[in-house]
Amino acid sequence: MPTYIDPTAEVDPSATIGEGTRVWGHAYVAPNASIGRNCMLARNTHVGKGAVMGDGCKLQDGSGITTGVTLGNYVFVGPNVTFCNDPDPRASNTNFAPAITSVGDGAVICAAAVIDAGVTIGEGAKVAPGAVVCRNVPAGMFAVGNPARILPRMERAS
Ligand SMILES: CC(C)(COP(=O)(O)OP(=O)(O)OC[C@H]1O[C@@H](n2cnc3c(N)ncnc32)[C@H](O)[C@@H]1OP(=O)(O)O)[C@@H](O)C(=O)NCCC(=O)NCCS
């Protein structure tokens, strides 16, 4: 599939977009972001400065990854998922060091989950809709609720 960038999307010239990636309407890709091949950025999504997405990832409508976030390959980010990157936010603090948050290959983050600054979500893990994840999620596990508790996961993401 050819690369596609919708005319209403804004992609900074310093960002990297891999072959076959589709960027739909009103998406925003900030400077130095790196997006792999065959990804899909749905409407109204954003990728922060220097944030990284591997190959084959999906960002669904209204979600975004902030500076400091790295997604592995084939990560699914559902609609309206929020990643936090400032562990001590202040309106006056314009120059904070973003926390490092990483999401392993094949992980699935369902709709409207909140991922707190600095957590690691392991390979093949799943986060339930609306979960608030404030601790690391081990590979292959299922995080549910607020604050998220960890349950075994029956099937793994592909
Ligand atoms: C939500 C989902 C993960 C539940 O999967 P499931 O295998 O049916 O899980 P179960 O219903 O057996 O739930 C397992 C446990 O987690 C709890 N749970 C499931 N979803 C939950 C949620 N969103 N919040 C809190 N707890 C939840 C259940 O109550 C159950 O707890 P218990 O064992 O104490 O009774 C699954 O339906 C799913 O993937 N939905 C997709 C949602 C989505 O965002 N899609 C993309 C956008 S459309």
Side-chain angles (χ1 to χ4, degrees), residues 1-6 8-11 15 17-30 33-48 51-87 89 98-158:
M1 200 177 292
T3 307
Y4 174 74
I5 298 179
D6 189 273
T8 65
E10 185 184 345
V11 177
I17 308 270
E19 199 182 323
T21 284
R22 289 158 296 144
V23 180
W24 296 105
H26 303 284
Y28 173 62
V29 180
S34 169
I35 299 175
R37 288 179 290 178
N38 301 317
C39 292
M40 196 282 288
L41 277 66
R43 281 180 73 81
N44 299 318
T45 52
H46 72 270
V47 178
V52 176
M53 286 171 73
D55 295 334
C57 293
K58 263 190 185 170
L59 275 189
Q60 297 285 48
D61 297 57
S63 61
I65 61 171
T66 44
T67 300
V69 173
T70 295
L71 306 183
N73 298 320
Y74 303 101
V75 173
F76 176 92
V77 178
N80 300 307
V81 168
T82 299
F83 282 86
C84 308
N85 68 351
D86 185 353
I100 302 302
T101 297
S102 70
V103 181
D105 293 351
V108 172
I109 303 177
C110 292
V114 176
I115 313 300
D116 203 359
V119 302
T120 296
I121 296 177
E123 193 176 319
K126 185 168 186 174
V127 174
V132 178
V133 176
C134 2
R135 300 270 184 270
N136 295 344
V137 181
M141 302 300 262
F142 180 34
V144 293
N146 176 10
R149 63 196 163 106
I150 307 295
L151 303 175
R153 184 170 174 202
M154 305 310 283
E155 100 283 5
R156 287 172 72 89
S158 52

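Remember, it's 1-based here, ligands and their atoms both numbered in the order they're listed.
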Are the side chains of M53 and L41 in touch, meaning some heavy atoms are under 4.5 Å apart?
-> yes
May I ask you to test the V69-N85 pair for a side-chain heavy-atom distance under 4.5 Å?
-> no
Which ligand 1 atoms are under 4.0 Å away from a heavy-atom of V144?
-> 16 (O), 18 (N), 26 (N), 27 (C)
Counting heavy atoms only, which part of R149 comes closer than 4.0 Å to ligand 1: side chain, backbone, both or neither?
-> side chain
Quick one: salt bridge (Lys or Arg N to Asp or Glu O under 4.0 Å) partners of R43, sequence neighbours excluded?
-> none
Any N/O pair A111/ligand 1 closer than 3.5 Å = yes
Pick one of side chain, backbone, both or neither for how A131 approaches ligand 1, counting any non-hydrogen atom pair under 4.0 Å.
-> neither
Part of L151 with heavy atoms under 4.0 Å of ligand 1, whether side chain, backbone, both or neither | side chain
Passing candidate, side chain to side chain contact (heavy atoms under 4.5 Å, CB included) with V23, options I5, T3, V47, T45 = I5
Decide whether an N or O pair under 3.5 Å exists between P129 and ligand 1.
-> yes
G78 touching ligand 1 at heavy-atom level, < 4.0 angstrom | no
D55: what forms a salt bridge (Lys or Arg N to Asp or Glu O under 4.0 Å) with it, not counting sequence neighbours?
-> R37
Considering only heavy atoms from C-beta outward, does the side chain of V119 approach that of R135 to under 4.5 Å?
-> no
Is there a heavy atom in K126 that sits closer than 4.0 Å to ligand 1?
-> yes
